[in-house]
Amino acid sequence: MLRLLALAAAVGLLSPWLVTLLADHSQHLAWLLDLASHWQWLHLALLLGCLVLLARRRPRWLLLAPLLALPWFSVAPMLPAQTGEVRLELRLVSANLQQSDDAAALRAWLDAQPADLVLLQEVTPALARQLAAWQDYPHRVLAPENSPFGLALLSRQPLEGGRVLRDSDDIPRIEATLRHAGQAISLSLVHPMPPLSPYWHHKRNLGLQVALQRNAARGLPGLLAGDLNASPWSQATRELHALGWYRANDLQATWPALGRGWLGIAIDQVLVHGPWRVAEQHLGPDLSADHLPRRLHLQLLDND
């Protein structure tokens, strides 16, 4: 049994690459391996524990030890270090509220730590009515639903061209342009369907790619955020750099919120396009949802 666990963990660590290899041959295998790819820290811990026990009797098991480094090589690329004068500062919050009807916890957090931009998922009509009364966020695009796919974009700075777009399965996303410090920034807020089947796995990947391409096509610094239902090891995000995008968030898990994410995965992400720098980031407090919120302090650089 211990040997089977070690081999299963090894396959899990290899799964980000195996998904790519199998994507054109078997959608079902690619889907299953992509589900496994989210849990890289679990695979790492399991393999490490198995090798410690197995190598006592058969040192040859240590030949698998190099696999323990794979999560750092298979992860979606982090925003590289950039230099330049700071053109503007932007503090943003992204949070999945699990269809809560009470904005009190979120309001208390924002009162203590104000943000310029708030991107919310699983927003109900009852919650949207509370958000609409927040005078310190006068610029909004609200798309609430009595389902897990309600969205809300709140800003202290002007928003232009805000609209709700829906795919062929009626899953919405929000697009808008933020005007801040004389600079236009292209925004996208997404929450795709979880990859519960090969079909939804494909739709999540394709939908994210379309959203990133549309955002970047505007020729502006870009931000895309939300509950992506994809970790930084997922097929959906590993090739971001090929589209000119990078991961701004760290690898702290956001779901499930139980245990402050120690046993979870980082599916709530913030992706950036252009000369950005991450000045600071952390997870927010428990908002009585099954996700932990992210807060990032970003700087847009003038590196011309």
Side-chain angles (χ1 to χ4, degrees), residues 19-20 22-38 76 94-101 119-128 131 140-154 161-176 186-218 222-240 242-243 245 247 254-256 265-271 273 289-291:
V19 172
T20 302
L22 293 171
D24 294 331
H25 302 286
S26 173
Q27 287 190 2
H28 279 78
L29 279 177
W31 164 58
L32 291 172
L33 286 166
D34 196 49
L35 292 178
S37 72
H38 299 314
S94 178
N96 181 320
L97 299 178
Q98 198 187 7
Q99 297 182 260
S100 171
D101 288 335
L119 305 103
L120 304 175
Q121 306 96 59
E122 298 203 24
V123 175
T124 65
L127 188 75
L131 301 177
R140 318 178 188 95
V141 182
L142 303 177
E145 292 190 9
N146 285 312
S147 79
F149 300 105
L151 301 172
L153 175 61
L154 311 178
R163 56 179 176 167
V164 181
L165 303 177
R166 296 181 179 273
D167 67 13
S168 59
D169 292 294
D170 207 35
I171 306 297
R173 72 176 183 272
I174 290 177
E175 294 182 352
S186 186
L187 303 177
S188 300
L189 171 58
V190 301
H191 182 206
M193 180 78 176
L196 301 176
S197 69
Y199 173 81
W200 290 115
H201 171 250
H202 173 73
K203 283 297 296 274
R204 180 206 60 190
N205 294 354
L206 180 61
L208 181 59
Q209 185 177 52
V210 168
L212 292 171
Q213 289 175 335
R214 284 180 55 91
N215 188 309
R218 305 190 62 193
L223 294 172
L224 182 146
D227 172 3
L228 304 190
N229 279 309
S231 76
W233 290 277
S234 170
Q235 184 186 18
T237 59
R238 283 190 67 229
E239 301 299 327
L240 291 173
L243 299 173
W245 289 81
R247 171 174 55 89
T254 56
W255 177 87
I265 52 179
I267 59 176
D268 300 271
Q269 300 199 57
V270 178
L271 311 179
H273 177 271
D290 59 347
H291 290 245

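When a residue number appears, it is its place in the shown sequence, counting from 1.
- Here the CD-CD distance, from Glu145 to Glu122, works out to 11.0 Å after rounding to the nearest 0.5 Å.
- Taking OG of Ser231 as the reference point, atom CZ of Arg247 lies at 10.0 Å (rounded to 0.5 Å).
- The closest side-chain heavy-atom distance from Leu142 to Leu154 is below 4.5 Å.
- The two atoms that bring Gln98 and Asp290 nearest to each other are OE1-N, 2.9 Å, heavy atoms only.
- To the nearest 0.5 angstrom, Ile171 atom CD1 is 13.5 Å from Arg204 atom CZ.
- The minimum heavy-atom distance linking Phe149 with Pro172 is given by the pair O-CG, 3.2 Å.
- Nearest approach of Thr124 to Gln99, heavy atoms of both residues: CG2-O, 3.4 Å.
- In this structure, Arg214 and Leu165 have side chains that are in contact, with non-hydrogen atoms separated by less than 4.5 Å.
- Considering every non-hydrogen atom in both Ile174 and Ala152, the closest pair reads CD1-N, 4.2 Å.
- For Thr237, the side chain to side chain contact (heavy atoms under 4.5 Å, CB included) criterion is met by Ala76, Leu208, Leu228, Ala230, Ser234, Leu240, Gln269, not counting sequence neighbours.
- Scored by the side chain to side chain contact (heavy atoms under 4.5 Å, CB included) test, Ser186 finds Asn215, Arg218, Leu220 as partners (sequence neighbours excluded).
- In this structure, NE2 on His201 lies 4.5 Å from CD on Gln235, to the nearest 0.5 angstrom.
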Inset, instruction - Take Leu187 and Leu223 through the test side-chain contact (heavy atoms from CB on, under 4.5 Å) and record every step on the way to the result. - result: CA-CA 5 Å; Leu187 303 177; Leu223 294 172; 3.8 Å; yes

Inset, instruction - Using the side-chain contact (heavy atoms from CB on, under 4.5 Å) rule, take Met193 and Lys203 through it: C-alpha gap first, then chi angles, then the decisive distance, then the call. - result: CA-CA 8 Å; Met193 180 78 176; Lys203 283 297 296 274; over 6 Å; no

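- Among all heavy-atom pairs drawn from Ala126 and Asp101, the shortest one is CB-OD1, 3.6 Å.
- Looking at residues two or more places apart in sequence or on another chain, you find a side chain to side chain contact (heavy atoms under 4.5 Å, CB included) between His291 and Asn96, Asp227, Trp255, Ile267, Asp268.
- Among Leu224, Leu151, Leu189, the single residue meeting the side chain to side chain contact (heavy atoms under 4.5 Å, CB included) criterion with Leu119 is Leu189.
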Inset, instruction - Might you work through the side-chain contact (heavy atoms from CB on, under 4.5 Å) test for Asp169 and Trp200, ending with a clear yes or no? - result: CA-CA 10 Å; Asp169 292 294; Trp200 290 115; 3.6 Å; yes

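- Shortest non-hydrogen contact noted between Asn205 and Ala236 is OD1-CB, 3.2 Å.
- To the nearest 0.5 Å, atom CG of residue Leu127 and atom CG of residue Leu120 are 7.0 Å apart.
- With rounding to the nearest 0.5 angstrom, the OG1 atom of Thr20 is 5.0 Å from the CZ atom of Arg238.
- Using a 4.5 Å heavy-atom threshold, the side chains of Gln121 and Val190 count as separate.
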